[in-house]
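Throughout, a chain's letter reflects where its sequence line sits, starting with A, and its residues are numbered from 1.
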Number of protein chains: 2
Amino acid sequence: MTSARERPTLEEVARRAGVSRATVSRVVNGSTTVAPPIQEAVRRAVRELGYVPNLAARTLVTQRTDSIALVLPETATRVFSDDPLFPGIVRGVSQELEAADRQLVLMMAGSAASHDRIERYAMGRHVDGVMFASMHGMDPLPGALARIGMPAVCSGRPLGRPAVPYVDIDHVAGVASAVRHLLDAGRQRIATIAGPQDMVAGIERLAGYREALRDSHRRSIVAVGDFTRESGAIAMRHLLDDDPKLDAVFVASDLMADGALRTLREVGRRVPADVAVIGFDDAEFARYTDPPLTTVRQPIIEIGREMVRLLLRLAEGEPVEEALILPTHLVVRDSG
Amino acid sequence: MTSARERPTLEEVARRAGVSRATVSRVVNGSTTVAPPIQEAVRRAVRELGYVPNLAARTLVTQRTDSIALVLPETATRVFSDDPLFPGIVRGVSQELEAADRQLVLMMAGSAASHDRIERYAMGRHVDGVMFASMHGMDPLPGALARIGMPAVCSGRPLGRPAVPYVDIDHVAGVASAVRHLLDAGRQRIATIAGPQDMVAGIERLAGYREALRDSHRRSIVAVGDFTRESGAIAMRHLLDDDPKLDAVFVASDLMADGALRTLREVGRRVPADVAVIGFDDAEFARYTDPPLTTVRQPIIEIGREMVRLLLRLAEGEPVEEALILPTHLVVRDSG
DNA sequence: CTGAAAGCGCTAACAC
DNA sequence: GTGTTAGCGCTTTCAG
């Protein structure tokens with residue numbers, strides 16, 4: 001079915017068209033400095049031979065591939081779970097890359113082995129730049145790439161000293177707006193379900209909560225989840241055990257908030273009458289939960305787009321800001 | 001931040017280690033025929049210089065990239081929608097590729113421009129092989145790739161004369177088992193919600209339905225959706241308009257079946273008392289619909305894995321079967 | 001406007 | 001075991 005048919009090279013096209021390799025190269029790459037009749041002859045030869053340029057050869061000399069990687073340090077299962085973050089980032093990135101006529105190469109690194117493979121891939125200059133999203137812990141890869149001159153950017157401030165530019169949102173301000181809203185509504189015991197503490201979004205949102213509560217002299221009531229719906233449901237139970245009288249909970253993601261809502265329903269607490277719930281993300285489904293979720297909106301698609309813009313400028317050698325912090329805002333619905 | 005720092009080449013490493021390029025190449029590629037002390041010297045030079053092989057150069061001579069593309073001719077939005085097919089395929093493919101230590105590059109082609117870009121990418125030998133899933137209409141790309149000797153496989157029989165090997169399921173048999181189940185339960189008026197008629201899964205499942213009904217001399221009642229939940233809900237309304245007395249419906253995907261369930265609930269029909277519903281896919285959520293969905297299970301992860309196996313053998317030049325048809329089986333739950 | 005020639009960085013025979 | 005050498009297929013000065 002698939003034969004190892006010899007592929008024609010520039011050389012052969014040139015011979016057939018009766019010109020030099022250089023001329024064929026010019027025509028193939030759309031140079032205008034070639035006489036029309038010759039252009040035509042070359043094009044015909046290309047067509048007849050079914051010539052397709054060898055990208056590796058081209059890359060070797062031009063030092064560019066016109067493709068950009070987006071690496072998600074997660075398993076495929078996780079990336080394709082119901083977490084709305086991944087689709088949002090990918091959509092934003094796709095849109096912007098499309099506009100720049102660059103190929104998006106999506107890579108998932110759920111294991112150490114795949115992380116290594118991606119490292120070789122990116123360090124080997126198989127792409128012109130690399131974007132990271134959903135990073136855990138202190139991944140040395142962005143820094144390593146930057147060190148060898150490979151453009152790299154992150155979504156979410158990298159933990160540790162940021163070695164590459166990043167775009168993130170103002171987590172602390174976002175959480176503050178949520179907590180303030182709860183306080184204004186007269187809530188007394190405000191708990192939180194935090195995200196994983198190896199991710200900056202988890203850490204910052206918890207910090208934001210603590211800070212906001214400290215300002216109003218309340219005590220923190222904390223449970224930690226991992227951004228999945230299930231972990232939210234479980235965390236809510238813990239919270240209820242810890243303080244049966246809590247009357248509000250700020251949840252670090254809508255998915256976890258949905259899980260929390262389920263638990264509250266199961267134990268017979270009314271939302272928002274007994275317990276107010278505020279999520280984070282403003283995921284599509286937050287409008288359809290029962291009751292619809294009050295949540296902190298983050299411009300997730302915009303994050304994807306900004307990453308691309310940053311990366312392309314970096315690749316052009318232009319100076320770029322160290323960080324781009326996008327604003328969030330509270331979307332009030334029925335849950336709190 | 002990112003400097004265009006000169007990257008060391010084999011040459012420089014060789015000079016520093018006081019050996020030849022060939023020796024460095026051997027060490028880097030793990031050849032055992034190098035004396036241990038020299039190996040050590042080379043490794044040190046590599047480390048000190050931060051040498052990383054240039055993949056384009058390597059590819060140019062070896063003619064391989066160790067990466068494989070999975071192209072999904074859909075927009076990112078669609079790929080990351082709630083359709084469980086994409087995650088399943090990607091998971092199966094990832095697992096198997098991981099085992100083979102190949103890099104997966106995922107490409108989405110939601111527009112004509114991106115389809116073109118992918119064509120250049122694949123034809124240009126940026127990858128060692130290409131897998132296609134979720135194909136619409138008669139895409140010429142798989143055939144074009146095969147023609148230039150680039151290994152390619154599809155999931156789902158390509159429309160038209162298949163130019164490349166493919167793995168698919170036995171749609172007709174799967175549907176037949178569902179319809180037979182309905183018949184055995186004494187259902188009289190069995191309708192169907194078909195999938196899009198530009199996709200083989202849509203076409204075949206409808207054909208299976210027609211065939212099964214013809215055998216039992218019933219009349220067909222057909223509405224067509226596009227595999228989304230929403231289209232299932234709408235199609236169900238049409239069906240009810242067409243034949244208010246229908247007492248069963250075979251739906252070509254679980255997502256559409258879920259939409260149909262919603263419509264039935266809205267118009268006050270009980271499932272399965274008034275109307276039996278059978279879906280297709282055995283998606284995870286089918287267990288949690290109200291009522292839980294009877295459905296035709298297809299081994300979706302296995303499809304992904306088999307695609308990879310086929311592709312790798314193809315790439316090795318081994319002979320492969322034209323098609324691999326995986327079995328389905330009915331999973332009976334409460335809906336019908 | 002076109003061609004000749006010099007590599008891009010690497011691997012793989014083939015000598016030594 | 002290790003080095004020498006000849007390219008892989010392309011772009012890009014530089015002449016003409």
Side-chain angles (χ1 to χ4, degrees), chain A residues 4-43 45-46 49-66 120-121 123-126 128 148-150, chain B residues 4-43 45-46 49-66 120-121 123-126 128 148-150:
Chain A
R5 169 105 53 89
E6 285 311 312
R7 300 183 68 202
T9 66
L10 255 198
E11 181 73 54
E12 296 164 48
V13 175
R15 206 158 37 221
R16 180 169 194 120
V19 298
S20 72
R21 286 211 312 269
T23 299
V24 177
S25 175
R26 289 187 187 106
V27 173
V28 169
N29 292 296
S31 164
T32 48
T33 69
V34 177
I38 299 217
Q39 284 201 30
E40 185 41 46
V42 170
R43 265 189 248 288
V46 165
L49 259 28
Y51 170 75
V52 184
N54 179 319
L55 263 21
R58 174 179 290 172
T59 295
L60 187 55
V61 29
T62 60
Q63 303 280 30
R64 52 183 304 184
T65 65
D66 287 326
R120 296 200 302 270
Y121 194 89
M123 301 272 280
R125 299 207 162 280
H126 234 314
D128 296 339
I148 66 164
M150 165 73 60
Chain B
R5 169 105 51 90
E6 285 312 312
R7 298 183 70 204
T9 67
L10 257 199
E11 182 72 54
E12 296 165 47
V13 176
R15 205 157 38 218
R16 181 170 194 119
V19 298
S20 73
R21 281 207 320 264
T23 298
V24 178
S25 175
R26 288 186 188 105
V27 173
V28 168
N29 292 295
S31 166
T32 48
T33 69
V34 177
I38 299 219
Q39 284 200 29
E40 186 39 48
V42 170
R43 266 189 247 289
V46 164
L49 259 29
Y51 170 76
V52 183
N54 179 319
L55 264 20
R58 175 180 289 172
T59 295
L60 187 55
V61 30
T62 60
Q63 303 279 29
R64 51 182 304 183
T65 64
D66 287 327
R120 296 199 304 269
Y121 194 88
M123 301 273 279
R125 299 207 162 281
H126 234 314
D128 296 338
I148 65 163
M150 165 72 62

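- Residue A:R26 places a side-chain atom within donor-acceptor reach of the base of C:dG3, judged by atom type and a 3.5 Å distance cut-off alone.
- Within the structure, a side-chain polar atom (N or O) of A:T23 is placed less than 4.0 Å from OP1 or OP2 of C:dG3.
- Taking all atoms of both residues into account, the shortest heavy-atom contact from B:L60 to A:A57 is CD1-CB, 3.6 Å.
- Regarding B:L60, its CG atom lies at a distance of 13 Å from the P atom of C:dC8, rounded to whole Å.
- At whole-Å resolution of the value, CZ in B:R64 and C1' in C:dA12 are 15 Å apart.
- For B:R58, whose side chain is taken as the heavy atoms from C-beta onward, the closest listed nucleotide among C:dC10, D:dT2, D:dG9 is C:dC10.
- For the OP1/OP2 pair of D:dT11 and a distance below 4.0 Å, the side-chain nitrogens and oxygens of A:N29 include at least one atom meeting the criterion.
- A donor-acceptor contact closer than 3.5 angstrom is absent between the side chains of B:R7 and B:N54.
- Heavy-atom distances to DNA chain D give each of B:V61 and A:V28 a nearest nucleotide, and the one nearer the 5′ end belongs to B:V61.
- Toward the 5′ end of DNA chain D lies the nearest nucleotide of B:V19, the other residue of the pair B:V19 and B:Q63 mapping further downstream.
- In this structure, A:P36 and B:P8 both approach DNA chain C, and ranking their closest nucleotides by distance from the 5' end singles out A:P36.
- Side-chain atoms of B:V24 and B:E12, non-hydrogen and from C-beta on, never get closer than 4.5 Å to each other.
- Not one side-chain nitrogen or oxygen of B:T33 sits closer than 4.0 Å to the OP1 or OP2 atom of D:dG1.
- Taking the six-membered ring where tryptophan is involved, the planes of A:H126 and B:H126 are tilted, since the angle between them lies from 30° to 60°.
- Nucleic acid contact for A:A35: sugar-phosphate only, since backbone atoms but no base atoms lie under 4.0 Å from a heavy atom of the residue.
- An OP1 or OP2 oxygen of C:dG3 is reached within less than 4.0 angstrom by a side-chain nitrogen or oxygen of A:S20.
- The residue A:L55 sits apart from the nucleic acid: no heavy atom pair falls under 4.0 Å.
- Atom pair B:R21:CZ and C:dT11:P shows a separation of 10 Å (rounding to whole Å applied).
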